[in-house]
Asks: 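My questions all concern the structure below.
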Protein chains: 2
Amino acid sequence: MEATIKENVFKTIGEHLSDEECEAFSELPFQKSYARKTIIADEGKVCKYVYFITKGAAYSYYINEDGDKNVIQFAIEGHWITDQYSFFSGKKGIFMIETLEDCEMLVFSKESIDNLCRGSHRIEHFFRILVQNAFAALQYRLTKTNSETAESRYLEFAELYPHFLNRIPQYLIASYLGIRPQSLSRIRKELSEK
Amino acid sequence: MEATIKENVFKTIGEHLSDEECEAFSELPFQKSYARKTIIADEGKVCKYVYFITKGAAYSYYINEDGDKNVIQFAIEGHWITDQYSFFSGKKGIFMIETLEDCEMLVFSKESIDNLCRGSHRIEHFFRILVQNAFAALQYRLTKTNSETAESRYLEFAELYPHFLNRIPQYLIASYLGIRPQSLSRIRKELSEK
DNA sequence: CGATTACGTTCACATAGGTTAAGAAATGAC
DNA sequence: GTCATTTCTTAACCTATGTGAACGTAATCG
């Protein structure tokens, strides 16, 4: 288990923890399997866990007043996923999290993250850097959303996450890009005609 | 100075530091004034500082290939502003930061943030929480950008930041919302006719 | 103070992407 | 394998926002 944590979790930011810290880390999460299309966090309920995916794929989304699904984030092996807002505030969630494939996850409760961070400065540091990088990436994504056409956002997505294209249904990619499935289909057609 | 830091900086997340920690914190930044319309961080150069605004207003933006300005963030008294990506990675910046009004700022270098965090677990914790909250807010903003009309985004902006409406030129608000100044003008006209 | 520039408004027209609807293709259940 | 369901594609039409240009007013600066 320690090896799994060390390999999977810590390589995600390339920091090294001592064996002791690593052990503290590895005692806290529990491992869990979820079947494909399982909802693991539900809008309106408090999101009590952070999930680190060791196998499979999942995504988070929210549903607006019109009933449209809006994809926030995709996550595959080596990625973290949660409803940040709900998880950290303890207030009711705004996002759903659902598996796309059968998944293996490491599940961390808020208490375990808090204990880990309280108990080890370096683990707290690890999480700070993790969130910081996520923030910078999200800021970049927002600028693109605000200033580029759907076509160029799709091209950038395809370049950035080529392995997602085969694994994730197109209508979810469309939603992630902020457009309708029909529009993505049209864009793909135009691109293939060029 | 300690009082200023304690009052200004720490009230922003409602955590309390010991006097000792507070003192460590207050020794590191320097205070600086900037005139209106001063560019304090420049795209293409490394962004070496995090700014905490104690007076005035500023904003960050980037300029795309077509030469359009794209506003990322507004910041007034009590807010932090920086080019996160550049600041933390040490790579060349992607955003500009410019003052909107004459400003007073507390300026933190990367070394000072790193030293503060290394030297005090609680300060590291402070910054983790700070970034976490910013991340959750940004994620929420992105979902709105992806799924709502410009009109409803404007209404939400006006409700969330009523004090910004008077202080910030409309063409910058338009850019923040991802639309053109003419479109915002049209939207405002339609709203006033309702 | 007047000159100049920056900002906001309006309008006519263009276009990206949304909508609705239908059918084709792929996937999954039995 | 067959049937049902989910996903993808296409097309005709619609709407929100972009574009370019003109004009008025407010802010800024000499």
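The sequence lines fix the lettering, A, B, ..., with proteins before strands; numbering per chain opens at 1.
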Asks: Which residue pairs satisfy the salt bridge (charged side-chain N to carboxylate O under 4.0 Å, His left out) criterion with at least one member in residues 28-37 of chain A, sequence neighbours excluded?
Replies: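 Residue pairs passing salt bridge (charged side-chain N to carboxylate O under 4.0 Å, His left out), neighbours aside: none found.
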Asks: Does A/Arg141 make a cation-pi contact with A/Phe157 (under 6.0 Å, within 45 degrees of the axis)?
Replies: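 Because its charged atom misses either the 6.0 Å distance or the 45° angle limit, A/Arg141 does not stack over A/Phe157.
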Asks: Is there a side-chain contact between A/Arg186 and the phosphate of D/dT10, meaning an N or O under 4.0 Å from OP1 or OP2?
Replies: no
Asks: Can you pull the contact range of chain B along DNA chain C, 5' to 3', using atoms under 4.0 angstrom from its heavy atoms?
Replies: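 Listed 5' to 3', the contact boundaries are C/dC7 to C/dC11.
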Asks: Are OP1 or OP2 of D/dA11 and a side-chain N or O of A/Lys189 less than 4.0 angstrom apart?
Replies: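 Checking D/dA11 against A/Lys189, a side-chain N or O does come within under 4.0 Å of OP1 or OP2.
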Asks: Write down the distance between NZ (A/Lys69) and C1' (D/dT7), rounded to a whole number of angstrom.
Replies: 12 Å
Asks: Is the closest side-chain donor-acceptor distance between A/Lys69 and A/Tyr59 under 3.5 Å?
Replies: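 Side-chain D/A pair, A/Lys69 to A/Tyr59: present.
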Asks: Is it the case that A/Ser33 and A/Glu104 place a side-chain donor and acceptor less than 3.5 Å from each other?
Replies: yes
Asks: For residues 177-184 of chain A, which side-chain donor-acceptor pairs fall under 3.5 Å, sequence neighbours excluded?
Replies:
residue	atom	partner	partner atom	Å
A/Arg180	NH2	A/Asp68	OD2	3.2

Asks: CD/B/Glu65 to CD/A/Glu148 distance, rounded to the nearest 0.5 angstrom?
Replies: 5.0 Å
Asks: For B/Ala150 and for B/Arg36, find the nucleotide of DNA chain D with the closest heavy atom, then tell me which residue's nucleotide is more 5'.
Replies: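 On the 5' side of the pair lies B/Ala150.
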Asks: Can you tell me how far P of D/dA21 sits from CZ of B/Arg180, to the nearest Å?
Replies: 15 Å
Asks: Whole angstrom is fine here: how far is it from CD1 in A/Ile173 over to C1' in D/dT6?
Replies: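 Distance check: A/Ile173 CD1 to D/dT6 C1' gives 16 Å.
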Asks: Please enumerate all residues that pass side chain to side chain donor-acceptor pair (under 3.5 Å) together with A/Tyr34, with sequence neighbours excluded.
Replies: none
Asks: Taking CD1 from A/Ile187 and P from D/dC8, how many angstroms apart are they, rounded to a whole number?
Replies: 15 Å
Asks: In terms of the nearest nucleotide of DNA chain C, which residue is placed more toward the 5' end: A/Gln182 or B/Ser183?
Replies: B/Ser183
Asks: Which residue, A/Lys37 or B/Glu151, contacts DNA chain D at a nucleotide closer to its 5' end, judged by nearest heavy atom?
Replies: A/Lys37
Asks: Tell me the interatomic distance from A/Leu191, atom CG, to D/dT9, atom C1', rounded to whole angstroms.
Replies: 15 Å
Asks: With axes from five pairs an end, tell me the bend angle of the helix from C/dC1-D/dG30 to C/dC30-D/dG1, nearest 10°.
Replies: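 It works out to 60° between the end axes.
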Asks: Please state whether the phosphate of D/dT9, meaning OP1 or OP2, lies under 4.0 angstrom from any side-chain nitrogen or oxygen of A/Gln170.
Replies: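 Yes, within the criterion.
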Asks: Could you state the atom-to-atom distance from CG of B/Leu184 to C1' of D/dA16 in whole Å?
Replies: 14 Å
Asks: Tell me every residue that passes ring pair (Phe, Tyr, Trp, His ring centres under 6.0 Å) with A/Phe95, counting only those two or more places apart in sequence or in another chain.
Replies: none
Asks: Could you state the atom-to-atom distance from CD of B/Glu190 to P of D/dA16 in whole Å?
Replies: 8 Å
Asks: Treat each ILVMFWY residue as a node, draw an edge where side-chain heavy atoms are under 4.5 Å apart, and state whether B/Leu160 and A/Tyr62 are in one component.
Replies: no
